[in-house]
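Being a predicted model, the structure only gives us computed values, none of them experimental. Every number for a ligand or one of its atoms is a count from 1 in the order of the listing.
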Amino acid sequence: MGQDRINREERRDMDFQKNQLLTTEIIDISTEGEGIGRVNGYPFFIKDTIIGDQVEIRAIKLKKNYGYGRLEKVITPSPFRVTPSCCFHRQCGGCQIQAMSYEQQLAFKHNKVRNNLLRIGGFGPEELDRIMEPVVGMEEPFRYRNKAQYPIGMDKEGNPVAGFYAGRTHSIIANTECLLGVDENRTILEAILQYMKEYGISAYEEVSGKGLVRHVLIRKGFTSGEIMVCLVINPEHMKGRTGIREKNSKREWLPHQKELIERLVAIRGMTSISVSINCEKTNVIMGTEIYTLWGKERITDTIFVRDVDNCFARTGDGIAFSISPLSFYQVNPVQTEKLYSLALSYAGLSGKESVWDLYCGIGTISLFLAKKAKQVYGVEIVPQAIDDAKNNAKINDITNAEFYVGKAEEVLPEYYKEYEKTHNGETAHADVIVVDPPRKGCEESLLQTIVDMQPEKVVYVSCDSATLARDVKFLRAKGYELKDVTPVDQFPHTVHVEVVCCLHRVNS
Ligand code: SAH
């Protein structure tokens, strides 16, 4: 139940007072990760609570249809409560549901998808029982992220620190041990902080816009073991200058750069060390200019197809991806392999098919599909991602994948119209269409074109089951039947859940 979807009819005319103490039971978790409890039908959003907690709360904000409460006391803890592994989890807010057992997290995610398909998608409970699979979880739900971005700042004593922004603020809480990231993050960050301390290197200060080191980006290829470190820096003396690369022919971006490199190179797996120049006063982390200080410009990683009928065991089919500091790349490679293997299995390819992969990013799904299809067409709005996709096709010797830059809702309808014109009124057909849109889902005009192209199957990968349910409802009304739905836990300890599902054309 999201804040946006509170049933307005249920509101009772309660006169709550600000600061009033109330008791309630937590019955759901919002899209932001707050617990939700009702008092006489009026819903309160309460941070740091989990489903099943009996709590005392203080009413801190009262809106017409819902309010916010602050947790005063857990009266009876939920049977699903566990001691969080990270002592910073409340301050950080990254892992909203770490205090819930992993088993219960998966049950919560399953219900979230199910409820959206019920309420928004218009499916019946029995139907969902038949087509919905349990959530695909992780065996080890920690240390799953292959990418970390740490802000760098100074503590009160003037020592450089790396950590996370507290809540919605811009003050940094020092912590180099995020349990979602790889072990090496801590070693790398400590080497950088030590170097900064020894050589008096300043950290960026948001208010004044002064100071050198802003962020550290770390990426690790889980299969290859290759590590990339990129320091985002604000070399003020270069602000507004063009041709930085020429003027800086010695490639000295940091004072005592050699000493930093020596320390980082000693870390096992180190493959690429670079700086990214960002002199803007902005929340955007990465700058657009990247300069390699040591090693390669990119790291490589391989994603393997898994056998969905055999406990997701890896098969021999792997696809290599070349990743720059700016590349989009899925952050949980273990679960990505499961998610995309399911998508591939739902597509049911025999080698004869023509397939579209809309919202294709760097072509992760497209290249999986290309190995089993006749021809794949990928569409993606970000031009650099398409450059990556083409490069990835090349390094894997894949020649049957073509990529287009543009909005899916423009490229596909244009292709459809053009095809009709150039083929004497014959309509374009695809055997399978895969979509993996951002949270807002697909535009109706795109869904209509998909229907017009009469694919036998539509495979929908979604990061927001509410928009998925809306889009599936549309496709269903146009002759597509929902056959399989599998949620996949790409982000353990957070409220997010990915879903992959398959729709078949009726009478096809
Ligand atoms: N399937 C890809 C990425 C999916 S994320 C992978 O696994 O690598 C969603 C992608 O949709 C992003 O790459 C984003 O840039 C792209 N995107 C967002 N809006 C779009 C639109 N209107 N048309 C095409 N692509 C879009």
Nitrogen or oxygen contacts under 3.5 Å, ligand 1 side and protein side:
unit_1: ligand 1; atom_1: 1 (N); unit_2: Tyr359; atom_2: O; d: 3.3
unit_1: ligand 1; atom_1: 1 (N); unit_2: Asp436; atom_2: OD2; d: 2.8
unit_1: ligand 1; atom_1: 7 (O); unit_2: Gln330; atom_2: NE2; d: 3.0
unit_1: ligand 1; atom_1: 7 (O); unit_2: Tyr340; atom_2: OH; d: 2.1
unit_1: ligand 1; atom_1: 8 (O); unit_2: Thr364; atom_2: OG1; d: 2.8
unit_1: ligand 1; atom_1: 13 (O); unit_2: Glu380; atom_2: OE1; d: 2.8
unit_1: ligand 1; atom_1: 13 (O); unit_2: Glu380; atom_2: OE2; d: 3.3
unit_1: ligand 1; atom_1: 15 (O); unit_2: Glu380; atom_2: OE2; d: 2.7
unit_1: ligand 1; atom_1: 22 (N); unit_2: Glu409; atom_2: OE1; d: 3.1
unit_1: ligand 1; atom_1: 22 (N); unit_2: Glu409; atom_2: OE2; d: 3.3
unit_1: ligand 1; atom_1: 23 (N); unit_2: Ala408; atom_2: N; d: 2.8
unit_1: ligand 1; atom_1: 25 (N); unit_2: Ile381; atom_2: N; d: 3.3

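Annotation: cation-pi geometry satisfied between Arg214 and Tyr204 (NZ/CZ under 6.0 angstrom from ring centroid, within 45° of ring axis).
Remark: Tyr359 engages no residue in a ring pair (Phe, Tyr, Trp, His ring centres under 6.0 Å) (not counting sequence neighbours).
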Only distances under 3.5 Å count here; give the side-chain donor-acceptor pairs of residues 369-381 to other protein atoms, sequence neighbours excluded, each with its distance to 0.1 Å.
unit_1: Gln375; atom_1: NE2; unit_2: Asn400; atom_2: O; d: 3.2
unit_1: Glu380; atom_1: OE1; unit_2: Gly361; atom_2: N; d: 2.8
unit_1: Glu380; atom_1: OE2; unit_2: Val382; atom_2: N; d: 2.9

Under 3.5 Å donor-acceptor pairs involving side-chain atoms of residues 408-421, not counting sequence neighbours:
none

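Annotation: side chain of Phe108 is in contact with side chain of Val495 (closest heavy-atom distance under 4.5 Å).
Looking at Asp452 and Gln448, their side chains do bring a donor and an acceptor atom within 3.5 Å of each other.
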